[in-house]
Enquirer: 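Okay, here's the structure, questions in a sec.
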2 protein chains.
Amino acid sequence: MLNETAVAVLEQTSAAEPEKRIRDRSATERAILTAAKNLLAEEGFQNFGINAVARRAGCDKQLIYRYYGGLDGLIEAIGADLGNWVKDRIPEDTGGMFLLTYGDLMERLALLFLEALRDDPLMRRIVAWEVSENTEQVRRLSEARSKALGQWLDRMRGSLTPPKGIDTAAVNALIFASIQHLVLSAAAGGQCAGLVLKNAKDWEKAATALKRLVRGVYG
Amino acid sequence: MLNETAVAVLEQTSAAEPEKRIRDRSATERAILTAAKNLLAEEGFQNFGINAVARRAGCDKQLIYRYYGGLDGLIEAIGADLGNWVKDRIPEDTGGMFLLTYGDLMERLALLFLEALRDDPLMRRIVAWEVSENTEQVRRLSEARSKALGQWLDRMRGSLTPPKGIDTAAVNALIFASIQHLVLSAAAGGQCAGLVLKNAKDWEKAATALKRLVRGVYG
DNA sequence: CCGGTCTGTCACCAATCGGTGAGTAACAGT
DNA sequence: ACTGTTACTCACCGATTGGTGACAGACCGG
């Protein structure tokens with residue numbers, strides 16, 4: 001507990017410490033949103049709550065209720081960015097390659113997705129959240145994400161015709177499921193099903209196996 | 001709030017309601033453990049705590065501290081059963097088939113694992129827990145599980161020689177990762193990467209795709 | 001200058017959390 | 001029948017949670 005003199009000393013020593021929050025609603029809104037995203041990315045959804053976000057944003061939780069209508073609205077705001085995730089985090093070009101076959105395409109997409117997910121802690125937390133809880137908020141996040149992913153897949157496929165006689169939707173779901181679980185498991189415990197995934201060499205092996213898997217089905 | 005008369009009426013009407021806990025330590029220990037497992041299976045790890053377990057077991061939380069040394073010990077006790085999960089939930093026989101090749105084996109194991117995981121809510125929650133948190137307790141659970149899984153794989157492989165030139169460890173990790181994420185995602189939201197997984201027909205398609213994936217790498 | 005709106009802060013609420021110390025009731029050994 | 005141990009319950013602790021109402025100060029239009 002600080003008394004008045006102690007506070008005075010603090011203010012003296014720390015050079016205009018007050019850091020008085022200026023009256024700027026949109027700036028505060030942004031501060032709250034980024035605080036929420038960073039908090040979610042770093043701490044996970046376990047301790048993701050009104051109090052924690054407000055603490056991190058350095059403002060009162062009341063403002064979260066006012067500006068976002070509570071946690072639900074805030075989560076929805078996070079989800080709104082998800083639509084842009086693919087285009088923000090995954091390069092659209094083919095890396096100078098010519099993708100002639102569906103197999104070429106899927107191999108490339110799988111590797112791109114693997115790296116993108118590996119580099120994005122927020123997205124990892126969201127995916128983990130999706131498989132752990134079944135609340136309305138999470139369902140919304142999940143929907144936005146899978147929709148964006150599907151659109152990306154369609155867009156990248158372009159005019160490439162998928163192979164006949166193969167349920168590409170199901171196969172691709174399995175491929176992307178494997179990537180997601182691999183990355184999540186690695187991020188959480190450094191391994192997946194006994195396969196250690198820590199240094200670059202480990203990931204190299206995983207990528208090779210992934211390529212082999214994709215090439216196995218799609219040639 | 002109930003007064004004495006209300007309690008008396010309750011006891012009268014509900015036929016020896018008191019359900020007086022008999023003094024049987026091992027029975028209480030079992031009650032706590034099963035309460036914990038059921039709670040975890042039904043509610044997930046989010047609200048899994050001392051109070052909730054005690055409430056469900058119908059005893060005082062103090063007993064959990066005494067008999068299990070707290071939540072950690074209780075979780076450890078849950079993990080102790082995990083070693084037997086494979087043998088309890090997955091049939092050992094080959095279903096009358098002859099598994100001649102490594103591909104035959106892996107296809108069979110993948111399908112068995114898929115069904116077993118689909119039928120076990122507790123195991124699903126644990127897997128989801130593993131990818132969501134990184135505490136010491138969860139790490140223990142994860143370790144026990146992956147160890148049991150690895151032993152099962154080895155045991156089922158028997159004298160079958162894995163194919164040369166393929167990093168089976170990495171490939172199998174990906175295959176099992178895909179199964180786990182597929183099942184978790186389906187259990188949580190009824191779909192995975194846009195692929196709806198609700199009725200038996202949906203799962204049939206997933207199983208076919210899984211077979212195709214396995215056969216693609218292992219022939 | 002005055003009144004109202006907007007932005008932000010604070011104090012407080014009931015509920016729940018994990019955790020502990022003390023007490024009670026049933027049993028066993030002598 | 002007395003004693004000590006075992007099994008169990010209860011009351012309480014501080015901390016934290018989500019949530020709300022009241023208030024203070026900056027700003028803006030009149």
Side-chain angles (χ1 to χ4, degrees), chain A residues 1-4 7 10-11 17-36 39-40 43-78 133 135-138, chain B residues 1-4 7 11 16-36 39-40 43-78 133 135-138:
Chain A
M1 198 58 83
L2 296 176
N3 57 22
E4 293 80 357
V7 170
L10 270 176
E11 286 178 350
E17 164 66 40
E19 194 71 43
K20 194 71 168 147
R21 175 168 294 281
I22 53 174
R23 287 167 58 90
D24 183 342
R25 167 156 180 171
S26 70
T28 306
E29 284 181 3
R30 262 177 290 126
I32 291 174
L33 186 56
T34 65
L39 183 68
L40 184 55
E43 306 288 333
F45 57 93
Q46 316 282 359
N47 299 37
F48 184 74
I50 286 279
N51 291 303
V53 172
R55 215 177 299 133
R56 177 140 187 164
C59 71
D60 197 275
K61 57 183 169 182
Q62 176 73 21
L63 298 183
I64 300 177
Y65 286 105
R66 273 219 261 282
Y67 298 156
Y68 291 95
L71 252 198
D72 297 14
L74 188 52
I75 292 174
E76 201 147 357
I78 294 178
E133 227 173 8
T135 63
E136 184 57 33
Q137 323 144 7
V138 175
Chain B
M1 199 58 84
L2 297 175
N3 56 22
E4 293 81 358
V7 169
E11 286 178 348
E17 164 67 38
E19 194 70 44
K20 193 69 170 150
R21 173 168 297 281
I22 51 174
R23 287 169 58 91
D24 183 342
R25 167 158 182 168
S26 70
T28 305
E29 284 182 1
R30 261 178 291 126
I32 291 175
L33 186 57
T34 65
L39 183 69
L40 184 55
E43 307 288 334
F45 56 93
Q46 315 283 358
N47 299 35
F48 184 75
I50 287 278
N51 292 303
V53 171
R55 214 177 300 133
R56 177 142 189 163
C59 71
D60 197 274
K61 56 182 169 181
Q62 175 73 22
L63 298 183
I64 300 177
Y65 287 105
R66 274 220 257 285
Y67 298 156
Y68 291 95
L71 251 198
D72 297 13
L74 187 51
I75 292 175
E76 200 147 358
I78 294 178
E133 228 174 6
T135 62
E136 184 56 34
Q137 322 145 9
V138 175

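Note on naming: letters A, B, ... go to the chains in the order of the sequence lines (proteins, then strands), and numbering restarts at 1 for each one. Computed from a prediction, not measured in an experiment: that's the story for all the values here. Heavy atoms only: backbone and side chains are in, while hydrogens, waters and symmetry mates are out.
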Enquirer: Roughly how far, to the nearest 0.5 Å, is the CG atom of B/Asp24 from the CD atom of B/Glu29?
Expert: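 So the gap between those two atoms works out to 9.5 Å.
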
Enquirer: Can you find a side chain N or O atom of A/Arg55 that sits less than 4.0 Å from OP1 or OP2 on D/dT17?
Expert: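 Yes, A/Arg55 has a side-chain N/O under 4.0 Å of OP1/OP2 on D/dT17.
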
Enquirer: Give one of base, sugar-phosphate or nothing for A/Ile50, where a contact means two heavy atoms less than 4.0 Å apart.
Expert: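 Touches sugar-phosphate only.
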
Enquirer: Can you confirm whether A/Glu133 sits close enough to B/Gln46 that some side-chain heavy atom of one is under 4.5 Å from a side-chain heavy atom of the other?
Expert: yes

Enquirer: What is the distance from CZ of B/Arg66 to P of C/dG19, rounded to the nearest Å?
Expert: 15 Å

Enquirer: Could you say whether B/Gly58 or A/Gly70 is positioned toward the 5' end of DNA chain D, judged by the nucleotide with the nearest heavy atom to each?
Expert: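 Checking each residue's closest nucleotide, the 5'-ward one belongs to B/Gly58.
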
Enquirer: Is the closest side-chain heavy-atom distance between B/Tyr65 and B/Ile50 below 4.5 Å?
Expert: yes

Enquirer: Measure CD1/B/Ile75 against P/C/dG18 and give the value in whole Å, please.
Expert: 11 Å

Enquirer: Measure CD1/A/Ile32 against C1'/C/dT7 and give the value in whole Å, please.
Expert: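 After rounding, the gap between these two atoms is 11 Å.
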
Enquirer: Of the nucleotides D/dG19, C/dC17, D/dC8, which has the atom closest to the A/Lys61 side chain?
Expert: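 Given the options D/dG19, C/dC17, D/dC8, the side chain of A/Lys61 is closest to D/dG19.
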
Enquirer: Contact between A/Tyr67 and A/Leu74 at the side-chain level, heavy atoms closer than 4.5 Å - yes or no?
Expert: no

Enquirer: Categorize B/Arg23 for me: base, sugar-phosphate, or nothing, with a 4.0 angstrom heavy-atom threshold over every strand shown.
Expert: base

Enquirer: Provide, to the nearest angstrom, the distance between the CG atom belonging to B/Leu71 and the P atom belonging to C/dC17.
Expert: 11 Å

Enquirer: So which nucleotide from D/dT20, D/dT17, C/dG18 ends up closest to the side chain of B/Tyr65?
Expert: C/dG18

Enquirer: How many angstroms lie between atom CZ of A/Arg66 and atom CG of A/Asp60, to the nearest 0.5 angstrom?
Expert: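 Those atoms lie 8.5 Å apart.
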
Enquirer: Select one nucleotide: of C/dT7, D/dG18, D/dT9, the one nearest the side-chain heavy atoms of A/Asn51.
Expert: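 For the A/Asn51 side chain, the nearest candidate turns out to be D/dG18.
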
Enquirer: Hey, which sits more toward the 5' end of DNA chain D by its nearest nucleotide, A/Phe48 or A/Gln62?
Expert: A/Phe48

Enquirer: Nearest whole Å is fine: how far is D/dC12 P from B/Asp60 CG?
Expert: 14 Å

Enquirer: Choose from C/dG8, C/dC10, D/dG18 the nucleotide whose nearest atom is closest to any side-chain atom of A/Tyr67.
Expert: C/dG8

Enquirer: Does OP1 or OP2 of C/dT7 have a side-chain N or O of A/Thr28 closer than 4.0 Å?
Expert: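 For C/dT7, OP1/OP2 do not have a side-chain N/O of A/Thr28 under 4.0 Å.
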
Enquirer: How many Å lie between CD1 on B/Ile64 and P on C/dT20, as a whole number?
Expert: 14 Å

Enquirer: Which whole-number value in Å describes the distance from B/Leu63 CG to C/dA26 P?
Expert: 16 Å

Enquirer: Tell me: CD1 of B/Ile22 to P of C/dA25, nearest whole Å?
Expert: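 Value for this atom pair: 19 Å.
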
